[in-house]
Protein chains: 2
Amino acid sequence: MTGIRQLADYLDISIGTVSRALNGKADVNAETRRRVLEAAEKLGYVPNQSGRSLRKGSTGVVGFMMQTGPEITSQGDAFFMSVFDGVQTVLSRHKLDLVALLCSSNEDPYAYLQRTVARGFADAIILSATRRNDARFELLHRHDIPFISLGRSLTDVGQPWIDLDFEGMAEVAIERLVKAGHRNIGIIWPHGDLNLGYLFADRCREVLAKHGLVLREDHVFRAKPSEAGGYAVGQEIASRSPRPSAIVLVNEILVTGLYKGLEDAGVKPGKDVAIVGRYSPQAQFLSPALTCFTLSLRDLGISLAEHLLSVMPAYQSDYVGQTPRVIWPMTLIEGASG
Amino acid sequence: MTGIRQLADYLDISIGTVSRALNGKADVNAETRRRVLEAAEKLGYVPNQSGRSLRKGSTGVVGFMMQTGPEITSQGDAFFMSVFDGVQTVLSRHKLDLVALLCSSNEDPYAYLQRTVARGFADAIILSATRRNDARFELLHRHDIPFISLGRSLTDVGQPWIDLDFEGMAEVAIERLVKAGHRNIGIIWPHGDLNLGYLFADRCREVLAKHGLVLREDHVFRAKPSEAGGYAVGQEIASRSPRPSAIVLVNEILVTGLYKGLEDAGVKPGKDVAIVGRYSPQAQFLSPALTCFTLSLRDLGISLAEHLLSVMPAYQSDYVGQTPRVIWPMTLIEGASG
DNA sequence: TGTGCGACCGTAAACGTTTACGATACTATG
DNA sequence: CATAGTATCGTAAACGTTTACGGTCGCACA
């Protein structure tokens, strides 16, 4: 491993100058800088992260916290990979690296976050899978770590957040179904205390009420966020009487199972029961194609990164005037399901 | 942030003793150790990672490298989340943390890895999405970084690897289909130069040959690893004459699209064309349910971690006698598709 | 009493950077 | 020519740990 010392010896100048040259400081001769950069390239020198961050007090990495395990939050397949990609295109412009902080399913997320924060692992954090009451917010706030959350929470501490427009989605979906003549509309609400479920369900109720309709309690279906959960809830829906004539679901990960659950119970999705859901890679390849709400995950990632930078002291000058909170719109893809 | 110095001052002992007490070194009085641990807990002291790793030369983190972007390798993120979970259960026993090293889709993986390795970011690396010729192997070998790869490669450098048994899968699938009377069997081979495609295709050919059958070149379908890719290839299959009566696919991520592509072309999956594939969360909820090969992703993760530890000098004593290479078996789930 | 030993602990160096500060040489200006 | 100013660079401290080394103390033993 070639360190800055080897590089300095090789060039026969001091390590201070080398460091300044590499970091783009002003007081270094242009010719010297050129030589340093050239030599660094040649010797394959890359600054050691530990030494650098020990001195600077910052690590140059942004952590995206997520829980591992088979039963992930409420997002499916390529969701995070696409978001990451957007985040990185922004961060890389500032020489920041993104790593995923993986909290195992048998570790308490709060304890995990506490540990990684105290270790000084990342300069800033992106939170996902925000709960309705989420203690992690206060933790990061107390330690004065810049962060942003993908998702709102009641335990807001003034940090920026971006959340999908679940309420707008509820509104558009319900309006659409009501206009199509549906009077008996049910919803699927994923298990757990993710905040989005509440936002979604509440707005559904409101919009229905506006039309003089009521969301029956036995038409609120709780599902595990998995295909199996979708299957189970499909069976359940089929067995209700009265059976809802339309279903809105906020979770993308269970729709194939839902279709199958309904079919196996003799109820044809899109025909006997209209379905409106969230986009997933499978959505348009189901039969009938799912009417669903979509968004650009990459753009979402970009926005997440930009808003995060706007609260990081070292970078915020480039990102002034960011709206601190964003409700991210989703657009409807008309399928044949509802 | 309370450092070791504050802790030492608080206890009125030297930082050396504090460090030894916390790290479980021998020559420290039992009572002193108790006091130190208690105070550390009380003051919420957590060792600074940069300082520690600068001194020790190791970081205590294991990196799992993966590419971000919508068009990921051939696995969905449900796949990795489960594997991660297994990896972590093992690593956490050794106080090692797992982070995902996210290489953005517009950065060269080799350059990315080079950068993170030189920075000294992780003590060991897990590679995934191994290509048939993968320069990353040699890179890590040259830098003497312990690593393991999920997937074989021609550019093996003697490191341990674990790979799914794509050849066994090919064998079982082909035998099954031949036994069912199929003579015209096609395969779907994902785009890119992932090694698994070659392993799979070659073995398919061999097994077919054993039965006096030949894999027609126009029955080898290349597909983009996405649902859309599956749809396209479904259309393609339908248009071939002669049309294969059965299809084996090695990639899990495109099956819903494949079904739809076939259906839209008037070909009924499972009826007009038998299909055997890989397990995905959707597999059993398709109609007909997919006959597919599955495995315990968590156990795979556990094995990955154990084999990785066996090549890490600081930990290998606990993991002697590990077989360096593992071909991970998959088991068949009989669906109705083939 | 002197010696040796073990238990325990303090001291200080080292890890690889960054950066405040001071030193040097050269240029411009009077 | 003297001086101030500027460009460039070297020096050394600092970041928070870990750990080799040496020191002190108490005790056992001859």
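Below, chains carry the letters A, B, ... as their sequence lines are ordered, and counting in each starts from 1. Excluded from the calculations below are hydrogen atoms, water molecules and symmetry mates; all remaining heavy atoms, backbone and side chain alike, are included.
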Practice task
Please report the closest heavy-atom contact between B:Arg119 and A:Gly60, naming both atoms and the distance.
Solution key: NH2-O, 4.2 Å

Consider the side chain of [X], meaning its heavy atoms from C-beta on, and name the nucleotide among [options] that approaches it most closely.
X	options	answer
A:Tyr45	C:dT17, C:dC9, D:dT17	C:dT17
A:Arg52	C:dT17, D:dT18, C:dC9	C:dT17
A:Ile13	D:dT18, D:dG10, C:dG16	D:dG10
B:Ser14	C:dC9, D:dT18, C:dG10	C:dG10

Problem - salt bridge (charged side-chain N to carboxylate O under 4.0 Å, His left out) involving A:Asp193 - partner list, sequence neighbours excluded - result: A:Arg131

Problem - Donor on one side chain, acceptor on other, B:Asn195 and B:Thr130, under 3.5 Å - result: no

Handout entry: No-hydrogen, no-angle side-chain donor-acceptor test under 3.5 Å, A:Gln88 and B:Thr68
Key = yes

Send over the distance from [X] [atom1] to [N] [atom2], rounded to a whole Å.
X	N	atom1	atom2	result
A:Leu11	D:dC9	CG	P	11 Å
A:Glu31	D:dA7	CD	P	18 Å
B:Asn48	C:dG16	CG	C1'	14 Å
B:Ile15	C:dC15	CD1	C1'	14 Å
B:Leu54	D:dT17	CG	C1'	8 Å
A:Arg5	C:dT18	CZ	P	13 Å
B:Arg35	C:dC8	CZ	P	14 Å
B:Ile4	D:dT17	CD1	P	6 Å

Practice task
Taking the six-membered ring for Trp and the single ring otherwise, decide whether the centroids of B:His94 and B:Tyr319 are under 6.0 Å apart.
Solution key: yes

Short side-chain N/O contact to [N] OP1/OP2 from [X], under 4.0 Å:
X	N	result
B:Lys25	D:dT18	no
B:Ser19	D:dT18	yes
B:Asn29	C:dA7	no
A:Lys56	C:dT17	no

Please list each protein N or O that sits under 3.5 Å from an N or O in nucleotides 20-23 of chain C, with the distance.
residue, atom, partner, partner atom, Å
C:dA20, N6, A:Arg20, NH1, 3.3

Exercise for the section: Report, as yes or no, whether the 6.0 Å neighbourhood of atom CG on A:Asp144 holds more than 12 heavy atoms from other residues, nucleotides or ligands. Expected result: no

Practice task
Scan B:Ser50 against the nucleic acid and name what it touches under 4.0 Å (heavy atoms): base, sugar-phosphate only, or nothing.
Solution key: nothing

Handout entry: Residues that A:Ser296 engages under side chain to side chain donor-acceptor pair (under 3.5 Å), provided they are two or more places apart
Key = A:Asp299

